[in-house]
Every structure is written in structure tokens, then in C-alpha cells.
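Atoms considered below: every heavy atom in the structure, side chains included; atoms not considered: hydrogens, waters and symmetry mates. So that the names make sense, note that chain A is the first sequence line, chain B the second, and so on, each numbered from 1.
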Amino acid sequence: MTDTAQEIRKEASEEGKLDYSKTLYLPQTEFPMRAGLPKKEPELVARWQEMGLYKQLRDDAKDRPLYVLHDGPPYANGNIHIGHALNKILKDVITRSFQMRGYNANYVPGWDCHGLPIEWKIEEQYRAKGKNKDEVPVNEFRKECREFAAHWIEVQTEEFKRLGIEGDFDQPYTTMNFHAEARIAGELLKFAKSGQLYRGSKPIMWSVVERTALAEAEVEYQDYESDAIWVKFPVKAAARDGGDASDLSDAFVVIWTTTPWTIPGNRAIAYSSRIAYGLYEVTAAENDFGPQPGEKLIFADALAEESFAKAKLEYKRLREVKAEEFAGMTCHHPLHGFGGGYEFLVPLLPGEHVTDDAGTGFVHTAPGHGREDFDVWMHHSRDLEACNIATTIPFTVDDAGFFTRDAPGFGPDREGGAARVLDDKGKKGDANRAVIEALIGADALFARGRLKHTYPHSWRSKKPVIFRNTPQWFVHMDMDLEDGTTLRSRALKAIDDTRFVPKAGQTRLRAMIEDRPDWVLSRQRAWGVPICVFADEDGNLLRDDAVDKRILQAFEAEGADAWFADGAKERFLGNEHDPASWTQVTDILDVWFDSGSTHTFTLEDRPDLKWPADVYLEGSDQHRGWFHSSLLESCGTRGRAPYETVITHGFTMAEDGRKMSKSLNNQVFPQDVMAKSGADILRLWVMNTDYWEDQRLGQTIIQTNIDAYRKMRNTIRWMLGTLTHDEGESVEYSDMPELEKLMLHRLWELDQVVRKGYDAFDFKRISRHLLDFMVLELSAFYFDVRKDALYCDAPSSLKRKAALQVVHHIFDRLVTWLAPMLPFTMEEAWLSRYPDAKSVHLEQFRECPSEWRDDALAAKWKKVRTVRRVVTGALEIERREKRIGSSLEAAPFVHITDDLLRDSIEGLDMAEICITSGISVSSRPAPAGAFTLGDVNGVSVVPAMAEGRKCARSWRVTSDVGSDPEFPDVSARDADALRELKSLGRF
RNA sequence: GGGCUGGUAGCUCAGCUGGUUAGAGCGCACGACUGAUAAUCGUGAGGUCGGAGGUUCGAGUCCUCCUCGGCCCA
């Protein structure tokens, strides 16, 4: 006899009555109802760390097929925000779910380390110390950038681990480790070697004062007074072939600009098909300089009056000019012949950016001095070349703001030397004046004035900046490659060959690739992998494998800093090449090229990964970013995408669906959620949301997930309590009651849902089905019904043993299925049930034998539950009328006139299923006034009280209470159970 | 302005190729139990399916426009 048994006896003798609760198999568990996740989760992180879970996962799965989700690298410059949390949680659920389904799902996290934002931070630190970036040796600056990135990698690593992310955090990949830098450089050299890399040019924002390129974010807009001029372009040919002799052929097209110094760079005039134009003639002139009566000019109708007024002219409108007439038209440059240059044709080009809000309706287009000018020019480059118009963009202004030889008459060839746009202090130079004088001399000036407007200024020096054509390194999108394809065609093919989840990603990426311009790789910056090539004056690349080899070996050993070290040029060129005839390029690579190359040094080079990756997963903004650059890089060097599947997620919005922002104070920080509620709550939110679209997050939504979490946790807790009494006795499937078979059938069905759900990355479908199952079928039905047998039945009861076994099956499956989603809670539950186990994360999803599937049984029990609904509905009336409290006080009459419904309950203990003490079923029609449900025909219930006494042990009201003299206050079933327990010494 | 995309009960989601009074869970209200107890069970109230037109015998589901929102460009 056990101590407990003695205690029970003792208490019983004292009170003269047994406390039967001690004789029941009530749930017992240490698994707490309240999770305390903020405290518990870090303990589990430490446990996994100590046991080396990552390594064990790899060892366990070493013979299984590899499944690789390649991590898109976050930028190493700050704490993680909600977007990082969403992203990493999704990735973690994917790798864990594949790991638990027969794969070796290795996850190697990575970081993007180079680039502008980190440079800014370091520069900011410099300024705080009164230091100037330009006075610091490049490699010292780069070293500080490296240390900065390393610091944030450490911080983010801890934050990701705290989220429950499992991966190789001891050996992540970074774009700045030496091997990565060498490989990135190597990839660039592949583009160079295959001829895909070329030197072109592009206007960029340039600060003359600082002699540096500026990014859009480094510019601020301030008020500024500019010189405005209206310039006449004589029409050369009304059609590009020169054959037309219309009334436009002796007219002028007039443009307006606030940057006269860009006139030498003019190469085209843009017009819009949405604007109404007219041909005008001057009828009277106030001045004897400038336009004179008889001159014909073309303007946008909306701007003609204002323009003529400005030039103090009277005019008449001759006729409408349709936009179509401009197609193919060419003009002379207004300075043609000046300084021996400007003899080229100036074509008119259609441009979407042209408006008739200000100016003349024609936009002076200097492709070297404006982004839109450049885009329009490049967009038409093929057409223009076909008409023998050279599309080379002149470098009219140098880095100090002086005109060059590309601006004949204004550069070094000018009397008195080159004119200057801005001086060293940022003040206007003499360039505008020189240009205006030349225009006057050429009788090309229509009018002039001044304009106050906002103009970009450097945020450091607060001085105006200019758009200036600068040599840049590009990759051809449309160059014919050796195999008859182009980079663009390869990329489009690769998009077709890739699975996109959701599908819209494919459309979006394709649209971008279809009309993107050539890929600009160069940045005039310091912190990055250099474009490690040598070029001659014309931009031709030095091609020498030996040089390349020296470069890559040096990078491998010393990092890319080697490129910037003293003597690097001579070192890499070696003895075979004359340093004087080659320029060492000092631009660095666009960071998108870095991250676009992660597949090479991570997937290809690590023996524990593979190329291509099974899946890439990032936010939808990465169609322009990582998905895009990885695709181009890989197609350019390997001919296909580095991924088989691309998954995208939306962005996290505040609760009202708007963007989270500091100013609106509606941000949610993952650190806060973890500290207050736990990482599993955040993870559950991710699981319940439609991540393919934008998601919302806020207090209400967090609370909804906390509630759902509690329900799941309590259901699992009850199973753990009940399974405390599981002694592992097995019951043959064929011997099981129908109710148990029904639950096994449901497990079989759920197994399908779960596996298909994970395959489709459709997590909300899984979590929805599992939560509904727990709430509707377990808590509210199966467990409720089976409590009587599980708590009260004798140890030998087959029903009890079968139920225990089924609960065991349910537990193992639910916990493993949910483990990828809620790794902390499921680990806690698993270890509570199996104290000697290492980790639930080393488990596989359990098989559900096809024997369990029984569709007929499920259909039958659907009807059973229909009948049950009518019974519980009737009992609710009784309860409301205070005739009963517990359903065990009732023993209703059920009249079933529907044959199918009656057949479904044939042979079943409906009292047990309805949790009443008794039930009488008849096929006779019910008397008037019987309870029915509107949506159930053929079932009526007449309530009745159960007859007999209440069993002190099971609380059922039966007529056999007291039939056993040994236990006079319990029913016969309970008396038998007590006797059996007694004989086993259980009490 | 362009490309892609979304708006179904307080919250999160189902609603397949158009077909009966639009569903679920949670929350809420009310009730029961007191042997899952800061739990559990039951019942109920919540929706002009963003708005307006149109196609159709019939539209949350198809078309057009509008509106609000998101990502990426300009």
C-alpha cells in the first residue's frame, strides 16, 4: 500500500467518507498554466546553446537530402525591427518544418556589411571628434567601418537567437570577410573577362566644394537664385531624313533652363504628346536685339504669352503644331560653330517628364546634367545611333567645376582659361556669363531672367551641388553573349523557371527586368569591395589572368583593403605592364553586387550547403533588391537563377493599416513584445497572419494572439496532465471505440493539412486548422466526453487505455507539428512529457498510418454531432430555467424521425457522448413543444431529470448507486473501479 | 504619374471555376460547472463583403470608375 493510499484511508476514516477525488485519474502536471515566456525562453535558448542543438541537428540529418533556404543578409547597422523579426521567423519556420520532415535543412545566417549607411555613421563619429574623413587614410577608415559592422552583427545575432531562430550563428556568412571580398571581386572579374563590364558614364550629384559624389540622401534643398534663359534652337530638318520643307523648317524651338552652363552639354530637346503646341510669329519687338519681327517660334500654347511678354515681344499664332510633327525633327545646337564645335544634330525626343507648367513646353536635354535627361537620352540611344547621331555623353565639367575640352570655346581652349560653374567656396563662377554671352553672340538668346527656387545643396558644406557626367562601370543588359542570349533574356528565362510564392512576385520581377537599363556597378565611395580593374584612357580593360590572380590571392589573404594599400598598382600590375599606361579604378562596387554574390561564397563554397538554393525569402521590396541583383549576377556568370523558389512577404503596418512611424508613435518593437509577452507570441502572430500581403500589428492584435496562445497551451497542459497516467499500454486499432477511431481519422486528415501547408509555406492554414481542432474537437468535444472514462474508469478499462493512447498520439503530433512555429513552448511541453528527451526539435513529424483514415466513420460522426447539438441545445434551456446545472443531472428523451441520423447513433452510448447521466432514444415523433433546432430536421428533445442518486465519485446520477455494499455512495461502475484500484494497492 | 498589390463581423482569417438566409476561431454579453479553475463547457449578439455603376435569371466572387492603404520606381 502506498503512502497516498494510506492518506486517503486516513482522511476517509476521519470524515467518515472517502474523498474520491484522490481515487480518480485527474490530470497532474508541472507544466504551468501561465507560461512566463519572457523568463522561460532565455533559459531554453541557453539550453540549446549548451547542448549544441545546431550541431546535433546537422549530425542527425547528415544522410538526409539537403534543403537550403539561403538567407538574405540584413544590414549590420542597428537593432532589429519588426520587419527583421517577421523575416527571420518565417525563415526559421521553413527550415524547422523541413528539418522535421526528412530533410537536412541547414540555415546559415548572413550579414550585408559594406555601404553608405555605415560610412555615414563613422563619418558622424569623426565629426563629433572634430576629425575630417578626407584626412584619414582610406584603410584606416575602412577598418573602422569593419569594426562597426562587426559590432552590430554581434548584437543582431543575440536578438535573432532570442527570437528562437536556429541556425549556424557561430559561422555565419558576411560580405566583409576576406574570402567573401575575394569572391565578390572574382565575380566582378568574370563580368570583366566576358566583356559584359564596360565603362560608360552617367550624371551624378557632385559637390565641387568637397570634390565628392553625393547620394540623394546627402542632399538638402535650399532656396537659391538661378540665372534663367530662354534659348532658340533653329530647326534643321523637320524630319530626321532632312527631306521635309514644311513651314517649320525656318522656325525655332525655344527651351528654358535655369542652368545656362549646361547648354554646351545639350544634346536633345524633349517634348510631350500631352501638350498643345503652336507656331508663333513675332510681330513687333521693343528691343533691337533679340528676336525680331518675322521670326517664327514654337511654344507650348499654355506658355507662349508669358514667354513673349518676358522677351517684350508682340506675336501672333500662325497655327497649331501637333506633337507628331516633332517626331523625327532635328535642330542645330544654338552654339553651332562656336569654338569650332556643336556641329551635331539636336533631335527632338518624346519625354513623359515634360509639362507645360513652366518654361516653354520643351525641355533642354543635357544627358550629362540631369537624371531625366540621361534617361530620355539612353532610352532612345538605339534609334539615335541608327540615324548616325552619336550618343556618347560629353564630360563638359570636371571635378573642380571647370569646363573641359568637351565644351568647346569654354574649356582650356578659351581665352583666359576654362570657365567655371562653381568655385572652391561654392560661389557661382563665370560659366553662366560665358555661355550667355556666346548665345547672344550667336543670336540664340530669346530672353533672360532670374529665378528663386529650391536647389540641391550638400548637407555637409551647405553649398550648391551640380549634376555632372562621371565615368561609371556598367554591365550590359542586351549585349549578345556567346550562347546567343543576353543577360536580360537569360534573366527573363530564369524568372519563368522559378516558383514564386505568391505568384505576383513573378509578374513584378519580370516587369522590372524587362525594362531596366544597364546595371551601374560603380559607386564613388570608400567602404566596399573595389572595382578591381585597370583601364586605359579610353576605358578599355586590362585583361591578364595573372594580374587577376594576384588581386584575388591578395584579397583572400588581406581583404579588399589590399587594393587601397600603398603600392597596390605596381604590385598587381607586376613587371609585365607599365603603370603609366593604366589607371587603377578606385570606385567601389554597388552593395547590391555584394549581396547579389552571396550565393557564390555561401552556397557554392560551403560544403554544408548547395547551389542553387531551394528558396530565397524576403520582403517584397527585394524585387528591386536582392532577388534582382542575385538573379542578374547569377545569370551573368552561371546562366541561371541561384534559387528554385522565391517567397515574398509584405510589410508590417500599424493597427490602422498605415505605416509604422516614429512620429505617429505606433511602432511595435520586437524587443518589447519579447520582454512583455514572449517570442512565441510574436511567432504566433506571424503564423496567424497573411504574410504574403501587408500585415498589421498592434496591442489588440497582440492580445488576440495571447488569447489564442493560452487556449493552445491549456489544451496541451490538459493532455500532459492526463498522460501522467499513461503507462504505455497499447490497444489494437481494431479494438478501439469508434470515438477513438474518429480522432485518429482526424489526425490522419490533419497530417495531410500540415504537410501540404508546410509545402506551400501556408502557415496560417496550418495554425488555423490546428487551433480549430484543439478548440472545437478536443477541448469542447473529445476531452469533455472522455473525461469520465479517463478520470473514473478502472485501470483495466479498455476504453480508458484506448483514450490514453489516442491522447498520446494527439500530443506527439500536435507538439511536433507546432514545434517549428512555437519552438519554445513546444520544447517545454515535450520535455515535460519526456524528461529524458534531448529536444523536440530533434524529432520528426509522426507518421499517421493510412489505417487511421476512415471517411465513412467521419461522415457518420458528423451526424452524431448534429444530434448532440440538439441535445445540448435542449439542456441549455433547462439550465437557463434553473432546472439543471450540470448536464449530468439530465437524462433527456431524444426523438429521431430522420432515418440517416437515427442510424448514425445506432449502438452508441449517447448519454456518454452528450455528457448526460442517461438518454432515451426513440423513433416516434416527439410530442408538441419538444425542443428542436432550426437547421436540424427530424430530431427533437424532451428534457427530463436523471433518475437515481448522484454518484459521489463520478457525479453521474444513476439508479445503481448503492448497489455495491462495500461502496454505498457510488455507482456500480465506480465501485468496480475502486475495488480494482484497491486490489492494486492504489488506495 | 507608372509597375505590382490589397480593403469580408472589435481582432485574425475561410469563402474553389459567380448559385439557397456570408462562415470559423478569438474577443464581447449572458449562463453553467467548480475534479483543465486567473481554467473548462454552453448560448447569444456582432457584417449594406471599402464606395458607385455595369454584365447576369443570379455577384463577396466577373467588368469599369472612384476611394483608402502598401511596396518599388518616377
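Taking 4.0 angstrom as the limit, A:K711 places a side-chain polar atom (N or O) nearer than this to OP1 or OP2 of B:U40. Distances shown here put a side-chain N or O of A:K764 below 4.0 Å from the OP1 or OP2 atom of B:A14. For B:A32, the OP1/OP2 oxygens have a side-chain nitrogen or oxygen of A:K882 closer than 4.0 Å. Phosphate proximity of B:A74 to A:R516: absent, as no side-chain N or O sits under 4.0 Å from OP1 or OP2. Close to B:C71, at under 4.0 Å from its OP1 or OP2, lies a side-chain N or O of A:K659. Contact check, A:S887 against B:C33: no side-chain N or O comes under 4.0 Å of OP1 or OP2.
Side-chain contact of A:E618 with A:N87: a donor-acceptor pair under 3.5 Å is present, judged by distance alone.
Residue contacts shown for A:N705 are absent, as no nucleic acid heavy atom lies under 4.0 Å away. Contacts of A:W955 with the nucleic acid, taken as non-hydrogen atoms under 4.0 Å apart, include base atoms. Residue-level contact check: A:N714 touches the bases, meaning some heavy atom is under 4.0 Å from a base atom. Residue contacts shown for A:L24 include a base, since a base heavy atom lies under 4.0 Å away. The residue A:L776 sits close only to the backbone: its heavy atoms come under 4.0 Å of sugar-phosphate atoms, none of a base. Counting any heavy atom pair closer than 4.0 Å across all strands shown, A:R34 reaches a base atom.
Listed nucleotides: B:C13, B:G6, B:C72. Nearest to the side chain of A:T689: B:C13. Comparing atom distances between the A:R879 side chain and each of B:U5, B:G31, B:A36 picks out B:G31 as nearest. Candidate nucleotides B:U5, B:A36, B:G35 were compared by shortest atom distance to the side chain of A:T715, and B:A36 ranks first. If you check B:C41, B:G70, B:A36 against the side chain of A:D784, the one that comes closest is B:C41. Closest contact between the side chain of A:T704 and the listed nucleotides B:C11, B:U5, B:G35 involves B:C11. When the nucleotides B:A24, B:A36, B:G69 are ranked by their closest atom to the side chain of A:D772, B:A24 comes out on top. The listed nucleotides are B:A39, B:G69, B:C30; the one nearest the side chain of A:R880 is B:C30. For A:R508, whose side chain is taken as the heavy atoms from C-beta onward, the closest listed nucleotide among B:C71, B:C33, B:U37 is B:C71. The nucleotide whose nearest atom lies closest to any side-chain atom of A:A780 is, among B:G42, B:C72, B:C11, B:G42. The A:R768 side chain lies nearest to B:U12 when the options are B:U12, B:U43, B:A36.
A donor and an acceptor atom never sit less than 3.5 Å apart when one is taken from the side chain of A:R624 and the other from the base of B:C71. For A:S779 against B:A36, a side-chain N or O and a base N or O form a donor-acceptor pair under 3.5 Å.
Going from the C1' atom of B:C30 to that of B:G35 covers 25 Å, rounded to whole Å. Taking the C1' atom of each, B:G7 and B:C49 are spaced 10 Å apart, rounded to whole Å. Nucleotides B:U67 and B:C13 are separated by 27 Å at their P atoms, to the nearest Å. Annotation: B:U55 and B:U61 have their C1' atoms spaced 14 Å apart (nearest Å). Comparing the same atom, P, in B:G15 and in B:C33 gives a spacing of 40 Å after rounding to whole Å. B:C4 and B:G10 have their C1' atoms separated by 31 Å, given to the nearest Å. As rounded to the nearest Å, B:A39 and B:C26 have P atoms that lie 14 Å from one another. Of the P atoms belonging to B:A24 and B:C62, the separation is 24 Å, rounded to the nearest Å.
For the pair A:R953 and A:F781, nearest-nucleotide mapping onto RNA chain B gives the more 5' position to A:R953. With RNA chain B read from its 5' end, the first of the two nearest nucleotides for A:Y791 and A:R868 is the one closest to A:Y791.
Applying the Watson-Crick and G-U wobble criteria (two distances, each under 3.5 Å), B:A29 pairs with B:U43. Pair assignment for B:C71 gives B:G3, based on Watson-Crick or G-U wobble hydrogen-bonding distances that are each under 3.5 Å. Using Watson-Crick or G-U wobble geometry with both donor-acceptor distances under 3.5 Å, B:C65 finds its partner in B:G51. A 3.5 Å limit on both hydrogen-bonding distances identifies no Watson-Crick or G-U partner for B:U21.
In this structure the side chain of A:R508 never reaches within 4.5 angstrom of the side chain of A:F500, judged on heavy atoms. With a 4.5 Å cut-off on side-chain heavy atoms, A:I810 and A:F773 count as touching.
The CD atom of A:E912 lies 12.0 Å from the OG atom of A:S917; values are rounded to the nearest 0.5 Å.
With a 6.0 Å radius and a threshold of 12 heavy atoms from other residues, nucleotides or ligands, A:D496 has its CG atom above the threshold.
The two residues A:M719 and A:L814 make their nearest non-hydrogen contact at CE-CD1, 3.8 Å. The heavy-atom pair separating A:V501 from A:A760 by the smallest distance is CG1-O, 4.2 Å.
Because its NZ or CZ atom is both nearer than 6.0 Å to the ring centre of A:F31 and within 45° of the ring axis, A:R713 counts as a cation-pi partner of that residue.
Syn is the glycosidic conformation of B:G46, whose angle stays within 90° of 0.
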